[in-house]
Novice: 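Can you read through this structure? Questions will come right after.
Numbers here are sequence positions counted from 1.
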Amino acid sequence: MTGLAWIVVPTYNEAENLGVLVRGVRAALSDARVLVVDDNSPDGTGALADELAAVDPLVQVLHRPHKAGLGLAYVNGFAHALRAGAGHVVEMDADLSHDPADLPRLLAAAEAGADLVLGSRYVAGGGVEDWDLLRRVLSRGGCRYARTVLGVGVRDLTGGFKCFRAEVLRAIDLPTVASTGYGFQIELTYRAIKKEFRVMEVPIVFEDRRVGQSKMSRAIVLEALAMVWKIR
């Protein structure tokens, strides 16, 4: 693989999940760098991340003073990874909804020629577990809505398990990305498509968090719906 692989993981109150996630990443990719971007979590996630970094030289921690949005957490993390010489940068959730065992498949697709690889729930072989009917309908409907408004063929525009080639992140002008949450995920993929990068979807199964509290809110959903028109 060309360049280092960095896994960027934003956290807020994920102390119960972080250790399991880092061990999973290490089992899947023994030489990957893990960057935890913590927003001064009250439950001590940042301190736990420091402990993990103290025993694993491939783990680093970026501490932010307070919650400043998921989108900006990723932008800060991506910038850090690029400065450190990353060849590929992966974003994934800290709550174990994204299975670290899928990382080699995403990186293999990137190595095979894809510029942006999406871990997709909505292609053949993908799916979700432990969601009620309403959440399934909202998620699929949101993806279909965004696809229609933006005129793109990507099936899973709102997913947050992605592998970027470093050149893609440099080209899409990260400092000008203003959206957060689902809107952030849609905007980055759309910018990559508009820049004519090759986007590939790899099937994954998304499993709802078992520990901790979801960060999803009505405000995040509404922001994404409105942001689609601004992105266009």
Side-chain angles (χ1 to χ4, degrees), residues 7-14 16-18 20-25 27-29 69-71 73-74 90-110 114 116-150 152-164 179-190 192-193 199-228 231:
I7 318 299
V8 178
V9 184
T11 57
Y12 187 78
N13 288 346
E14 295 291 354
E16 295 176 285
N17 294 314
L18 184 60
V20 178
L21 176 71
V22 171
R23 289 192 293 273
V25 171
L29 296 172
L70 178 66
Y74 274 126
V90 177
E91 61 165 270
M92 66 186 302
D93 292 348
D95 62 5
L96 304 176
S97 295
H98 300 142
D99 188 349
D102 289 327
L103 286 166
R105 292 194 299 116
L106 268 67
L107 285 160
L116 168 58
V117 184
L118 310 179
S120 180
R121 300 161 291 181
Y122 301 134
V123 294
V128 297
E129 292 184 354
D130 303 318
W131 277 13
D132 60 27
L133 179 61
L134 177 60
R135 189 170 179 186
R136 290 173 185 267
V137 170
L138 286 174
S139 178
R140 279 191 175 272
C143 285
R144 182 173 297 176
Y145 168 83
R147 268 202 326 270
T148 301
V149 173
L150 298 176
V152 299
V154 170
R155 303 289 299 176
D156 193 348
L157 277 169
T158 62
F161 195 10
K162 303 179 178 182
C163 177
F164 298 87
S179 52
T180 61
Y182 281 169
F184 177 82
Q185 305 300 351
I186 296 167
E187 185 171 359
L188 259 60
T189 298
Y190 184 64
I193 292 170
V199 178
M200 177 184 295
E201 294 185 86
V202 171
I204 64 161
V205 175
F206 181 99
E207 184 176 351
D208 201 15
R209 69 161 59 237
R210 297 186 182 277
V211 179
Q213 186 174 3
S214 174
K215 311 302 190 300
M216 184 51 56
S217 68
R218 182 179 298 179
I220 290 175
V221 174
L222 293 175
E223 182 245 13
L225 295 177
M227 184 59 67
V228 169
I231 292 169

Novice: Looking at every non-hydrogen atom in both residues, tell me the closest pair between A94 and T11 and how far apart they are.
Specialist: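 Closest heavy-atom pair between A94 and T11: CB-CG2, 3.7 Å.
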Novice: Compare every heavy atom of A110 with every heavy atom of C163, then report the nearest pair and how far apart it is.
Specialist: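 For C163 versus A110, the nearest heavy atoms are SG-CB, 4.0 Å.
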Novice: Quick check: are there more than 12 heavy atoms from other residues, nucleotides or ligands sitting under 6.0 Å from CZ of R136?
Specialist: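 Enclosed: over 12 neighbouring heavy atoms sit under 6.0 Å from CZ of R136.
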Novice: Please examine the side chains of R105 and V117, heavy atoms only from C-beta on, and report whether any two atoms are closer than 4.5 Å.
Specialist: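 No, every pair of side-chain atoms sits at 4.5 Å or beyond.
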Novice: For the residue pair R140 and R121, establish whether any side-chain heavy-atom pair is separated by less than 4.5 Å.
Specialist: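 Side-chain contact under 4.5 Å: no.
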Novice: Less than 4.5 Å apart, side chain to side chain, heavy atoms only: is that true for S139 and Y122?
Specialist: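 Result yes, sub-4.5 Å side-chain heavy-atom pair found.
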Novice: Please report the closest heavy-atom contact between L150 and V228, naming both atoms and the distance.
Specialist: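 Here L150 and V228 meet closest at CD2-O, 3.6 Å.
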Novice: Answer whether the closest heavy-atom distance between the side chains of L103 and F161 falls below 4.5 Å.
Specialist: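 SC-SC contact between L103 and F161 confirmed.
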Novice: At what distance, to the nearest 0.5 angstrom, does OG of S97 lie from CG of D95?
Specialist: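 Reported value, rounded in 0.5 Å steps: 3.5 Å.
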Novice: Would you call Y74 and L188 a side-chain contact if the rule is heavy atoms closer than 4.5 Å?
Specialist: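 Answer no - side chains too far apart.
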Novice: Please give me the minimum heavy-atom distance between A28 and A101, naming the atom from each residue.
Specialist: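 Closest pair (atom of A28, atom of A101, distance): CB-CA, 4.3 Å.
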Novice: So among K162, Q185, H98, which one has a side-chain hydrogen bond (donor to acceptor under 3.5 Å, both in side chains) with E91?
Specialist: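 Result for side-chain hydrogen bond (donor to acceptor under 3.5 Å, both in side chains) with E91: Q185.
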Novice: So L21 and M92, do their side chains get closer than 4.5 Å, heavy atoms only?
Specialist: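 Yes, side chains in contact.
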Novice: In the structure I gave you, are the side-chain heavy atoms of V123 and D156 within less than 4.5 Å of one another anywhere?
Specialist: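 No. Closest side-chain heavy atoms not under 4.5 Å.
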